There are 4 protein chains.
Amino acid sequence: MASTKPLSRPADADEPAARRERRKEARPGELLDAALDLFVEKGFAATRSEEVAARAGVSKGTLFLYFPSKEELFKAVVRENISGRFGEWQDEFEKFEGTSAEMVRYCMRVWWERIGATRASGITKLMISEARNFPELAAFYQQEVIRPGTELIRRILQRGVDSGEFRPLDVDNSVYSIVAPIVFLIMMKHSLGPCSPQDYQLDPLRYIEAMADNLLSGVCARPAQEQRR
Amino acid sequence: MASTKPLSRPADADEPAARRERRKEARPGELLDAALDLFVEKGFAATRSEEVAARAGVSKGTLFLYFPSKEELFKAVVRENISGRFGEWQDEFEKFEGTSAEMVRYCMRVWWERIGATRASGITKLMISEARNFPELAAFYQQEVIRPGTELIRRILQRGVDSGEFRPLDVDNSVYSIVAPIVFLIMMKHSLGPCSPQDYQLDPLRYIEAMADNLLSGVCARPAQEQRR
Amino acid sequence: MASTKPLSRPADADEPAARRERRKEARPGELLDAALDLFVEKGFAATRSEEVAARAGVSKGTLFLYFPSKEELFKAVVRENISGRFGEWQDEFEKFEGTSAEMVRYCMRVWWERIGATRASGITKLMISEARNFPELAAFYQQEVIRPGTELIRRILQRGVDSGEFRPLDVDNSVYSIVAPIVFLIMMKHSLGPCSPQDYQLDPLRYIEAMADNLLSGVCARPAQEQRR
Amino acid sequence: MASTKPLSRPADADEPAARRERRKEARPGELLDAALDLFVEKGFAATRSEEVAARAGVSKGTLFLYFPSKEELFKAVVRENISGRFGEWQDEFEKFEGTSAEMVRYCMRVWWERIGATRASGITKLMISEARNFPELAAFYQQEVIRPGTELIRRILQRGVDSGEFRPLDVDNSVYSIVAPIVFLIMMKHSLGPCSPQDYQLDPLRYIEAMADNLLSGVCARPAQEQRR
DNA sequence: TATGAATGAGCTTTCATTCAT
DNA sequence: CATGAATGAAAGCTCATTCAT
């Protein structure tokens with residue numbers, strides 16, 4: 001999880017010939033990867049550019065060949081990792097055939113698999129830690145991630161309410177019943193988790209299961225329950 | 001929220017005479033207050049000690065008179081603001097007479113009033129942002145806050161399960177159905193919130209209400225509902 | 001001439017008591033002195049800030065305590081050394097009782113004594129070397145030095161022409177018959193002079209004398225000459 | 001003045017065929033041209049080798065193919081542009097048939113046409129700005145330019161004195177009555193001139209005329225004047 | 001030859017920390 | 001106790017120079 005070693009370019013098969021070329025094109029990506037890890041781990045200010053370069057396997061100077069400043073590097077890291085997957089998801093959910101409860105479960109699981117479990121999740125921690133220092137970026141993140149993300153979830157909930165599958169909800173706020181557990185999981189993964197004793201580590205899949213169960217069924221016992229799955 | 005002046009200790013009626021001496025004794029506290037605000041806002045590394053001193057109304061030198069280093073200042077800030085209120089709360093809940101559902105609601109509301117709405121909430125953001133840079137502090141926080149906090153909540157849930165008021169739960173994970181919304185609210189308050197447009201600001205009390213509703217009753221419609229409040 | 005050693009503060013009599021205080025007030029001046037010498041000698045870009053600090057007897061950090069950047073230091077050096085002496089000179093010349101020829105001689109000699117022979121003359125070389133890199137400063141220098149300087153000299157010449165003591169002149173250009181030798185002398189003093197063999201060193205007073213003689217009398221022999229002095 | 005493109009060698013009729021090869025041989029010259037312009041404009045230290053290469057239309061690497069270092073490039077620029085034309089001029093003046101006054105005028109005009117008005121004049125500014133940083137070069141310049149130049153002018157003056165056309169002069173210093181206006185004109189052209197308002201721009205030919213007039217006839221009115229030209 | 005990606009010494013600037021007053 | 005001038009290690013960034021292609 002957020003390995004501290006330079007990402008080995010996968011299966012670096014390198015016929016000695018074209019190596020230089022391939023490197024050149026890979027450089028920005030390798031630098032962004034290294035920067036993401038370090039920014040997430042230590043924060044923007046505490047990360048030294050030289051360290052980013054070193055982790056990407058290049059020298060200090062090379063970093064500045066591709067990014068004119070540490071701040072621009074930060075911006076690039078954020079932008080790079082916010083490839084709007086929301087459109088794709090939107091489609092997926094529009095075609096979804098199951099119940100809204102299934103959609104909620106599916107949504108949370110899929111999020112974990114495609115974002116939460118990957119390095120991209122670090123961006124969330126990054127943004128939360130640095131938003132006040134980079135208001136323009138925070139606004140960008142708000143636009144590109146938060147707004148479409150909450151909108152997507154709002155629709156899922158609204159669909160359930162409209163169909164009568166869900167009770168009438170304060171939809172605006174209920175969105176966070178899905179978002180908050182997800183964001184919390186990321187925070188654990190990237191900050192306190194690595195510092196916690198074994199018995200406090202979360203098991204992400206079970207965690208998500210429980211969050212979904214509680215959200216859908218509530219914790220209160222019910223007279224007659226058909227309940228989950 | 002995050003006032004820019006040292007929080008005047010409440011009702012500091014300031015008879016002009018004794019002010020100087022009182023000030024002197026208040027110094028460390030004023031410094032810790034100023035430091036908390038700044039660390040929360042900008043992070044540890046990006047906060048300059050001179051700014052802390054200035055906000056506390058003293059000179060740079062004075063800061064180092066009370067705290068031998070910026071790192072020690074940070075630790076003091078964290079320690080100072082982790083008042084183990086859990087003992088007191090433990091008592092409160094032990095004497096609590098209502099249903100477990102009421103306890104959950106009460107717990108969340110009380111947390112908001114006594115922590116969430118105050119400057120102390122900044123500590124959470126601080127720890128999440130800086131845990132990796134201060135592992136000892138993270139462990140301390142784990143000990144003093146997370147462990148007793150989750151324990152407290154676990155008991156509430158367990159009580160409900162034992163009494164049959166709650167259905168059988170994955171109690172370990174369900175704790176986070178309460179914790180996550182709370183932590184998420186703090187994060188919003190201290191990082192993205194101040195950068196967000198008006199219509200994305202959370203209304204804390206309604207937010208908590210919705211979180212509690214959803215947690216207790218679930219979002220799925222029920223055959224016969226007596227539901228909330 | 002532009003000594004390469006730190007200017008020893010003269011007779012540093014320093015009663016041990018007030019030293020810190022006195023230093024503090026002297027710092028900016030000492031730094032400006034050091035910077036002037038080095039900028040004149042090596043040019044702006046080739047002068048390292050640390051060297052300026054060292055020559056002023058302080059550390060690198062201290063320099064930036066008084067001047068926010070190397071460029072601001074440069075500007076301060078130029079401004080500091082352009083104390084508009086032209087007003088004072090204007091008066092002096094207005095009250096001048098002798099012939100216009102005497103005025104020309106006096107003007108050149110006085111310039112040498114009060115500017116040329118002092119460190120202030122370095123500013124001229126500095127501006128000429130760096131004007132293209134600091135157009136705003138060049139404009140400032142144009143305004144504050146060149147314009148009033150040429151104006152002053154133009155009046156002297158015009159006075160001579162008006163009184164019939166001088167022949168009708170192309171006054172606009174003739175101004176440079178006085179300015180050019182002066183500027184040239186500075187250039188020699190600050191650039192090639194220190195690199196030239198002994199026998200090519202100018203003797204400033206004789207040089208000025210010759211320039212004035214030639215300007216006033218011309219080099220061509222005259223039928224009947226009362227000539228110089 | 002100081003064109004921003006490599007000066008195309010005159011009449012480079014460019015039959016498309018042979019261009020490539022010719023280019024190759026022209027490389028060093030183009031680099032020297034570009035370097036001269038930039039060194040004159042910005043000084044040695046502030047000129048980036050990449051910019052020199054770019055202006056010469058080649059890559060950074062190519063520059064170092066022809067010149068082993070920036071310093072060597074600088075030296076080459078100076079050497080290249082110090083063509084000892086003095087031999088040729090010497091001959092010209094030896095055969096000169098007119099009066100010594102005419103020689104002085106001719107000398108100044110010719111200098112302007114053949115040096116002053118060309119890019120070669122930049123060398124003077126360059127040497128004056130950088131002499132202290134390149135003492136060996138300064139010595140070289142002294143040898144190759146200053147010494148023969150002043151010698152040449154000294155002979156002109158001495159000829160006039162010997163023939164009785166000029167009055168007895170301090171010949172050593174009087175040389176600078178010719179040199180100083182010339183050098184001053186260059187300085188204006190290359191440093192403050194481009195930063196000055198329109199009305200402070202010199203008209204070189206009139207300027208030279210006035211300098212020569214004043215030098216030959218002096219500014220003082222004469223009883224009977226046969227005067228100039 | 002020519003290129004331009006890569007390097008790293010070196011420079012400007014910052015800021016935690018010290019200490020004379 | 002309190003100050004703030006002074007320090008210098010450390011960080012961001014530049015650019016002359018190298019070298020694989």
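The structure presented is a predicted model; accordingly, all values stated were derived computationally and were not measured. In the text below, chain A, chain B and the rest are named by the order of the sequence lines, each starting its count at 1.
Summarising the geometry, the separation between NZ on K60(A) and P on dT12(E) is reported as 15 Å, rounded to the nearest angstrom. dC19(E) atom C1' lies 16 Å from atom CG of L63(B), rounded to whole Å. As rounded to whole Å, 13 Å separates atom C1' of dA5(F) from atom CG of L31(C). Atom CZ of F44(B) is separated from atom P of dA16(E) by 8 Å (rounded to the nearest Å). For the pair F74(A) CZ and dC13(F) C1', the computed distance is 19 Å after rounding to whole Å. In this structure, the CZ atom of F64(C) is 4 Å from the P atom of dT13(E), given to the nearest Å. The distance from atom CG of L65(D) to atom C1' of dT17(F) is 13 Å, rounded to the nearest whole Å. Whole-Å rounding puts the K70(D) NZ to dT18(F) C1' distance at 17 Å.
Between T62(D) and Y66(D) there is a side-chain heavy-atom pair separated by less than 4.5 Å.
OP1 or OP2 of dT3(E) sits under 4.0 Å from a side-chain N or O of S59(D). Close to dT1(E), at under 4.0 Å from its OP1 or OP2, lies no side-chain N or O of Y66(D). S49(D) has no side-chain polar atom (N or O) that falls below the 4.0 Å cut-off from OP1 or OP2 of dC15(F).
Legend: residues meeting side chain to side chain donor-acceptor pair (under 3.5 Å) with S129(C), ordered by chain and number and at least two apart, are S129(D). F44(B) pairs by the ring pair (Phe, Tyr, Trp, His ring centres under 6.0 Å) definition with F39(B), F74(B), F134(B), not counting sequence neighbours. Every residue meeting the salt bridge (Lys or Arg N to Asp or Glu O under 4.0 Å) condition with K42(B), not counting sequence neighbours, appears here in chain and number order: E51(B). Applying the side chain to side chain donor-acceptor pair (under 3.5 Å) test to S69(C) and every residue at least two apart in sequence or in another chain returns nothing.
In terms of position on DNA chain F, the residue among G61(A) and T62(B) whose nearest nucleotide sits closer to the 5' end is T62(B). For the pair V58(D) and S69(C), nearest-nucleotide mapping onto DNA chain E gives the more 5' position to V58(D).
For residues 70-79 of chain B, every residue pair satisfying the salt bridge (charged side-chain N to carboxylate O under 4.0 Å, His left out) rule, not counting sequence neighbours, is listed here: E72(B)-K75(B), K75(B)-E136(B).
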Secondary-structure string, 5' to 3', Watson-Crick or G-U under 3.5 Å, | for another-strand partners, for DNA chain E: .||||||||||||||||||||

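Results of the side chain to side chain contact (heavy atoms under 4.5 Å, CB included) test with L32(A) over V78(A), N81(A), D37(A), L73(A) single out L73(A) as the only residue that passes.
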